[in-house]
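Reading through the structure tokens given below for one structure.
All of these numbers come straight from a predicted model, not from anything done at the bench.
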Amino acid sequence: MIHLNNFTKLWKTKKALEQVEDIQLRERILKYYRPKTHKPKKSVTWRDLAHRVFSEYVRLYYADDKWYCVCITSGEKIYRKYIQAWHFLTRANTKYTFDITNVYPQCERCNVILNWNYIKYTLKMEEILGKTEVERRINDKETVELKQYQYEKMITEWYKFICEKKHKLWEKDM
């Protein structure tokens, strides 16, 4: 388990340092995306941080020019802060956890009240990926264990995308 409370321990691998040299970037990522969990700060993991950044990445990835996302199951347009990133295959399946084709925006009503609206979501996924691909993914029991440098690389890429997209959207607002 990697502790996120000490900035000097973060991004310490050589591979990661080659990709991310800016200490301020690392500090910004931690400042804004430190997971808000019931866990003590010392036990927050790289996976927890990756989930927070990836959720923001997904919501901005699917956001239009006015910061709105469309719920994949109900089709309702909702402001990106009030929509949730929902995984078709659960986050426990690490092979598809951070796969953009497995995660889509879903409104709180579909995700929480209607208990994921799973039947409608499966039909949408079959439209997008095809029935054979959905069945293959559901039956795929392989898991992948990610290393620290892989988390660091993914988090950094997502964060750069988030900053670029927000900058573009803010320019259009002005």
Side-chain angles (χ1 to χ4, degrees), residues 4 28-39 44-146 150-173:
L4 299 180
R28 274 196 318 245
I29 291 171
L30 279 175
K31 181 179 178 183
Y32 295 111
Y33 294 104
R34 179 183 298 278
K36 295 175 177 115
T37 65
H38 61 281
K39 297 179 183 178
V44 175
T45 64
W46 280 101
R47 186 175 170 85
D48 296 333
L49 180 64
H51 281 299
R52 293 276 300 188
V53 178
F54 186 66
S55 176
E56 178 79 9
Y57 169 75
V58 167
R59 287 181 276 138
L60 278 172
Y61 184 84
Y62 292 106
D64 63 12
D65 293 345
K66 296 185 178 175
W67 301 78
Y68 283 84
C69 295
V70 177
C71 174
I72 190 165
T73 49
S74 69
E76 191 176 341
K77 249 186 157 177
I78 299 174
Y79 188 66
R80 71 165 179 90
K81 282 190 174 183
Y82 304 111
I83 202 154
Q84 300 171 356
W86 194 74
H87 293 73
F88 176 63
L89 297 173
T90 63
R91 295 188 324 184
N93 185 340
T94 56
K95 186 173 181 180
Y96 300 108
T97 299
F98 300 113
D99 182 358
I100 195 72
T101 62
N102 182 51
V103 185
Y104 290 91
Q106 194 175 38
C107 64
E108 186 178 358
R109 184 178 149 270
C110 292
N111 195 6
V112 179
I113 298 168
L114 295 178
N115 201 18
W116 307 312
N117 210 348
Y118 197 77
I119 295 170
K120 205 169 184 182
Y121 194 26
T122 304
L123 294 173
K124 280 287 193 183
M125 290 300 287
E126 287 176 356
E127 277 181 36
I128 295 167
L129 300 174
K131 190 170 185 164
T132 55
E133 177 64 18
V134 169
E135 288 175 6
R136 186 189 67 76
R137 285 183 179 205
I138 290 171
N139 296 324
D140 189 1
K141 302 299 179 202
E142 181 184 348
T143 58
V144 177
E145 192 62 38
L146 298 173
Q150 292 170 312
Y151 280 121
E152 293 169 356
K153 182 180 176 187
M154 290 186 312
I155 289 168
T156 304
E157 289 173 10
W158 297 332
Y159 185 73
K160 286 179 181 176
F161 174 84
I162 290 167
C163 291
E164 289 172 13
K165 180 94 177 207
K166 282 183 176 180
H167 184 69
K168 287 178 188 175
L169 292 175
W170 281 325
E171 282 181 349
K172 288 183 180 182
D173 285 347

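With contacts defined as side-chain heavy-atom distances shorter than 4.5 Å, the pair Lys168/Asp65 does not qualify. Taking the side chain as every heavy atom from C-beta outward, Thr143 and Lys95 never approach each other to under 4.5 Å. At least one side-chain heavy atom of Leu114 sits less than 4.5 Å from a side-chain heavy atom of Arg109. Side-chain contact between Arg137 and Asp99 is present, with heavy atoms from C-beta onward closer than 4.5 Å. Looking at Phe98 and Leu146, their side chains come closer than 4.5 Å, going by heavy atoms from C-beta outward. Side-chain atoms of Trp46 and Ile155, non-hydrogen and from C-beta on, do get closer than 4.5 Å to each other. Here the side chains of Tyr151 and Arg47 are in contact, with some heavy-atom distance below 4.5 Å. Under the 4.5 Å side-chain criterion, counting only non-hydrogen atoms from C-beta, Ile162 is in contact with Val53.
Every side-chain hydrogen bond (donor to acceptor under 3.5 Å, both in side chains) that Gln84 has, sequence neighbours left out, goes to Asn111. Under the side-chain hydrogen bond (donor to acceptor under 3.5 Å, both in side chains) criterion, Arg136 pairs with Tyr96, Glu133, sequence neighbours left out. Evaluation of the side-chain hydrogen bond (donor to acceptor under 3.5 Å, both in side chains) rule for Trp158 yields no partner, not counting sequence neighbours.
Within 6.0 Å of OH on Tyr118 lie more than 12 heavy atoms contributed by other residues, nucleotides or ligands. The environment of Lys77 atom NZ is sparse: at most 12 non-hydrogen atoms of other residues, nucleotides or ligands sit within 6.0 angstrom. Within 6.0 Å of the NZ atom in Lys165, the count of heavy atoms belonging to other residues, nucleotides or ligands exceeds 12. For Tyr62, the OH atom sits in a packed shell: over 12 heavy atoms of surrounding residues, nucleotides or ligands are nearer than 6.0 Å.
With rounding to the nearest 0.5 angstrom, the CD atom of Glu56 is 5.0 Å from the CG atom of Leu60. Residue Asn139 holds its CG atom at 13.5 Å from CD of Glu142, rounded to the nearest 0.5 Å. To the nearest 0.5 Å, atom CZ of residue Arg80 and atom CG of residue Asp64 are 11.5 Å apart. The structure places CE of Met125 at 6.5 Å from OG1 of Thr101, a figure rounded to the nearest 0.5 Å. Here OG1 of Thr122 is found 12.5 Å from NZ of Lys124. Values are rounded to the nearest 0.5 Å. Distance check: Asp140 CG to Glu135 CD gives 13.5 Å after rounding to the nearest 0.5 Å.
Closest of all the heavy-atom pairs between Val70 and Gly75 is CG1-O, 3.6 Å. The shortest heavy-atom contact between Thr97 and Val103 is O-CG2, 3.9 Å. When all heavy atoms of Cys110 and Thr73 are compared, the pair lying nearest together is SG-OG1, 3.0 Å.
In this structure a side-chain-to-backbone donor-acceptor pair under 3.5 Å is missing from His87 to Asn102. For Arg59 (side chain) and Ser55 (main-chain N/O), a donor-acceptor pair under 3.5 Å exists by modelled atom type.
The aromatic rings of Phe161 and Tyr61 lie tilted to each other, with the angle between the two planes from 30° to 60°. The aromatic rings of Tyr121 and Phe88 sit perpendicular, their planes meeting at an angle over 60°, well past the 30° parallel limit. Ring geometry for Tyr68 versus Tyr79: interplanar angle over 60°, hence perpendicular rather than tilted (30 to 60°).
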